[in-house]
Every structure is written in structure tokens, then in C-alpha cells.
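Counting starts at 1 for both ligands and their atoms, following the listed order. What you are looking at is a predicted structure, and each value in this text was computed from that prediction instead of being measured.
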Amino acid sequence: MVILIGYMGSGKSTVGKLIAAKTGKAYLDLDTLIEKDAGLSIAEIFSAHGEIWFRKKEMEVLSKTLNDNPDIVLALGGGTPCFGNNMEEILSHSDKVFYLKASVETLTARLANEKEQRPMISHLGEEELDDFVRKHLFERNFFYLRSPHVIGVDQRSPEDIAQQITEILN
Ligand code: S3P
């Protein structure tokens, strides 16, 4: 199983779909699986049930997905590796774990235009977003950097990144 991790806006879904197309594997997105399971969008889950409920559901759906689907490309949510024993579980299922590593500048520029569907950041203004991402990424890097493969994504096309990962897989 190929697993993509990284901060919101690092390109996990876009790159994941390209890797799936190149390798002929099926693609799954953990956020989408959580939405199907809950019958609500991620934003609705946060507003109806709160983050703790979301994290429990995320842990449950992660576990089931890792156990049920041996040969897929799986894009996780930005927070998935950072809660409970999720990163242990991820690493015990696959050594093909790729951290898409983007700088604060890249992430802030991308997320400024697409924060509405992301409850962790949807309430933040432009300057607050930069400060939030800087601090949050610093905390989360501790988990992300346990990944066996770290792929720099700044100023690169999704196609180029997917090509690099596919070559590592071969
Ligand atoms: C989150 C990232 C989101 C989604 C949820 C929480 C996070 O996924 O799981 O909004 O804590 O970073 P993406 O990284 O796909 O935006």
C-alpha cells in the first residue's frame, strides 16, 4: 500500500490520483471514506460533533481501511498521522509511506484560496493563517518526519512529484 501524508494543501489527493493512474492501483482518500461513513461532509462533522468525535471516527476508518485494502494508493488527512497511535499503525502496514513536504509559504499561498471546506483553518484571516500554519506544521513535523520517504514539493508540478514517487516504487 502506498500512503501519502502531509499538511493540508500539500497535494496528497492530486498526487495520489496520479500515482494510482500510473501504477494501476485503486485510489482512496481517507476524508472521503470518513464522509461516507458518517453521511456528513468534514465541515458538517466538525460543526455537528466537534473535533474529538472526528478524530475517533478518523482512527476507526483508518484502521479498517489499512486492514481491508492491501494494494491501494491512500491519501490521508493532514492530521491523521498526529493522533493516537495512528502513525504506528500506518508504519506497521506499509514502508511505502511518503511525506509530501511543503514550506509554510507554499501551504499558506495554496490554503488562502481553499480554506472554506477545512474547519481547522476556515475561520482564520490571511495573517493569522500564516502564523497558524507555521506553528501547526512545526508540531506536526514531529509525526510527519517519521515517514520513510520525504518528498519536497515546493515549486513542483503534481505530475513531476507523482513520477518521482512511482520511480521509487519500482
Ligand atoms: C485536517 C485535514 C483535512 C481533514 C480535516 C482535518 C487536519 O484533510 O482531515 O479537515 O487536521 O489537518 P486534508 O489534509 O485533506 O485537507
Is the closest basic N to carboxylate O distance between [X] and [Y] below 4.0 Å?
| X | Y | answer |
| --- | --- | --- |
| Glu60 | Lys56 | no |
| Glu159 | Lys22 | yes |
| Glu139 | Lys135 | yes |

Looking only at protein heavy atoms, identify the closest one to [atom] and say how far it is in Å.
| atom | answer |
| --- | --- |
| atom 13 (P) of ligand 1 | Asp31 OD2, 3.6 Å |
| atom 10 (O) of ligand 1 | Ile42 CG2, 3.5 Å |
| atom 16 (O) of ligand 1 | Arg118 NE, 2.7 Å |

Rounded to the nearest 0.5 angstrom, the NZ-CG distance for Lys57 and Asp37 is 4.0 Å
Report the part of Arg140 in contact with ligand 1, treating N, CA, C, O as backbone and CB onward as side chain, heavy atoms under 4.0 Å; options are side chain, backbone, both, neither. side chain
Tell me the contacting part of Met120 for ligand 1: side chain, backbone, both, or neither, using a 4.0 Å heavy-atom threshold, strictly below. side chain
Crowding at CD, Glu114 (>12 non-hydrogen neighbours, <6.0 Å): yes
Is the shortest N/O to N/O distance between Leu76 and ligand 1 below 3.5 Å? no
From Glu51, Arg55, His136 - option closest to atom 11 (O) of ligand 1 by heavy atom: Arg55
Would you kindly say whether Ser13 and Asp29 are connected by a side-chain donor-acceptor distance under 3.5 Å? yes
Report, in ascending order of atom number, the atoms of ligand 1 lying under 4.0 Å from any heavy atom of Pro119. 10 (O)
